[in-house]
Enquirer: 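Got a structure for you, questions after.
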Amino acid sequence: MNLDFYKKPTLEVAESLIGKVLVVKNKNNVLSGKIVETEAYIGSNDKACHASWRKRVSCENLWKGGGIIYVYLTYGMHYMLNIVTEKDNFPSAVLIRAVEPLEGIDIMVQNRHTENIANLTSGPAKLTKAFGINKSFNGKSLLGRGIYVEDRNLPVCKIESSKRVGVDYAEEPWRSIEWRFYQSNSLFVSKRVE
DNA sequence: TATTGGATCGCC
DNA sequence: GCGATCCAATAG
């Protein structure tokens, strides 16, 4: 995907990322997966978006404009992968919540310490562990060779939406706004639907 | 310096 | 259902 793709409105990016392929390359391996679940976090008014929290050094990348990665640690042990969107100085991002493994499945099995394929990448923390994504990816460009998204024209049956997961602490309307998108027939969409 | 709150997962 | 586990923003 080129820079224009990421500079678009966040909801548009979140929905059009469904069916695209996330690719991570390191020294010897290529890991890839079809994106089947995303969530949009938009602006400093969105009470679930980190940009609305009091200033934190760790989320400064949200302001740097579309086309880069924002990675953070939550619950003391889980990395979350976000794709920053829109223009510079407008804090917004799309959280990648689930993918379907395509290439490098043997590596993912090692990283996740499980043989259960359906459990490899079916959640935001699971996929970062499977792909080996950690804090060193924070701020990286999606236009380079290490990590990027490409369109392989994979079929997407139907895209559904729902409220976002794990943001019950936020005020209305941010708590229940339907900014989560997922491919309805995918086995890899994380559970916890209403 | 101490407290606390998370965009979760996996095992009980 | 609940414990694991840690960073950094707050309060004191």
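Chain naming here is simple, since letters A, B, ... match the order of the sequence lines and numbering starts at 1 in each. For clarity, every value in this text was computed on a predicted model and none was experimentally measured.
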Enquirer: A:L73 CG to B:dG5 P: how many Å, rounded?
Expert: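 Rounded to the whole Å, the gap is 18 Å.
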Enquirer: Could you please name the option among B:dG6, C:dC7, C:dA4 that lies closest to any side-chain atom of A:M77?
Expert: C:dA4
Enquirer: In whole Å, what is the span from the NE2 atom of A:H78 to the C1' atom of C:dG3?
Expert: 11 Å
Enquirer: Using a 4.0 Å heavy-atom cut-off, does A:K129 contact any base of the nucleic acid, only the sugar-phosphate backbone, or nothing at all?
Expert: nothing
Enquirer: Any donor-acceptor pair, under 3.5 Å, between the side chain of A:H50 and the base of B:dA7, if you only look at N and O atoms?
Expert: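 Check passes, donor-acceptor contact within cut-off.
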Enquirer: With the side chain of A:Y75 defined as its heavy atoms from C-beta on, choose the nearest nucleotide among B:dT8, C:dC7, B:dA7.
Expert: B:dT8
Enquirer: Does the ring of A:Y169 lie flat against the base of B:dG6, closer than 5.5 Å centre to centre with planes under 30°?
Expert: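 Answer is no, no stack.
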Enquirer: How far does CG of A:L127 sit from OH of A:Y79, to the nearest 0.5 angstrom?
Expert: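 Between A:L127 CG and A:Y79 OH, I get 14.5 Å after rounding to 0.5 Å.
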Enquirer: Identify the nucleotide, in any strand shown, that forms a Watson-Crick or G-U wobble pair with C:dT5, with both distances under 3.5 Å; if there is none, say none.
Expert: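 Its partner: none found.
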Enquirer: From CG of A:L95 over to C1' of B:dG6, roughly how many Å is that when rounded to an integer?
Expert: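 The answer, rounded to whole Å, is 14 Å.
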Enquirer: Aromatic rings A:W174 and A:W179: how do their planes relate, parallel, tilted or perpendicular, breaks at 30° and 60°?
Expert: tilted
Enquirer: Applying a 4.0 Å non-hydrogen cut-off, can you work out what A:A48 is touching in the nucleic acid: base, sugar-phosphate, or nothing?
Expert: base
Enquirer: Under a 4.0 Å N-O cut-off, is there an ion pair linking A:E103 with A:R152?
Expert: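 Looking at A:R152 together with A:E103, the answer is yes, because their closest N to O distance falls below 4.0 Å.
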Enquirer: Between C:dC7, B:dC9, B:dA7, spot the one nearest the side chain of A:Y70, thanks.
Expert: B:dA7
Enquirer: Between CG of A:L102 and CE of A:M108, what distance do you get to the nearest 0.5 Å?
Expert: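 Reported value, rounded in 0.5 Å steps: 7.5 Å.
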Enquirer: If you measure from the C1' atom in C:dC7 to the same atom in B:dG10, how many Å do you get, rounded?
Expert: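 So the two C1' atoms sit 22 Å from each other.
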Enquirer: Searching all strands shown, indicate the nucleotide that pairs with B:dA7 (Watson-Crick or G-U wobble; both distances under 3.5 Å).
Expert: none
Enquirer: Rounded to whole angstrom units, what separation is found between the OH atom of A:Y79 and the P atom of C:dT5?
Expert: 14 Å
Enquirer: Which listed nucleotide (B:dG10, C:dC7, B:dA7) is nearest to the side chain of A:K126?
Expert: B:dG10
Enquirer: Categorize A:M80 for me: base, sugar-phosphate, or nothing, with a 4.0 angstrom heavy-atom threshold over every strand shown.
Expert: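 Result for A:M80 = sugar-phosphate.
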Enquirer: Return the value, rounded to whole Å, for the distance between atom CH2 of A:W174 and atom P of B:dG6.
Expert: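 One finds 18 Å between P of B:dG6 and CH2 of A:W174, rounded.
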Enquirer: What I want to check is whether the side chains of A:N61 and A:K64 have a donor and an acceptor closer together than 3.5 Å.
Expert: yes
Enquirer: Would you say A:K135 reaches C:dA8's phosphate, i.e. side-chain N/O to OP1/OP2 under 4.0 Å?
Expert: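 Indeed, a polar side-chain atom of A:K135 lies that close.
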Enquirer: Rounded to whole Å, please give me the gap between CG in A:N111 and P in B:dC9.
Expert: 16 Å
Enquirer: Heavy atoms from C-beta onward define the side chain here; which of B:dT8, B:dG10, B:dA7 lies closest to that of A:N119?
Expert: B:dG10
Enquirer: What is the separation between atom CZ on A:R180 and atom C1' on B:dT8, rounded to the nearest whole Å?
Expert: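 It is 14 Å, rounded to the nearest whole Å.
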Enquirer: Hey, are the side chains of A:N134 and A:V71 touching, using non-hydrogen atoms and a 4.5 Å cut-off?
Expert: no
Enquirer: Rounded to whole angstrom units, what separation is found between the CH2 atom of A:W53 and the C1' atom of B:dA7?
Expert: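 Whole-Å distance recorded here is 7 Å.
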Enquirer: Please state whether the phosphate of B:dC9, meaning OP1 or OP2, lies under 4.0 angstrom from any side-chain nitrogen or oxygen of A:R112.
Expert: no
Enquirer: Roughly how far apart, to the nearest Å, are B:dC9 and C:dA8 at atom C1'?
Expert: 23 Å
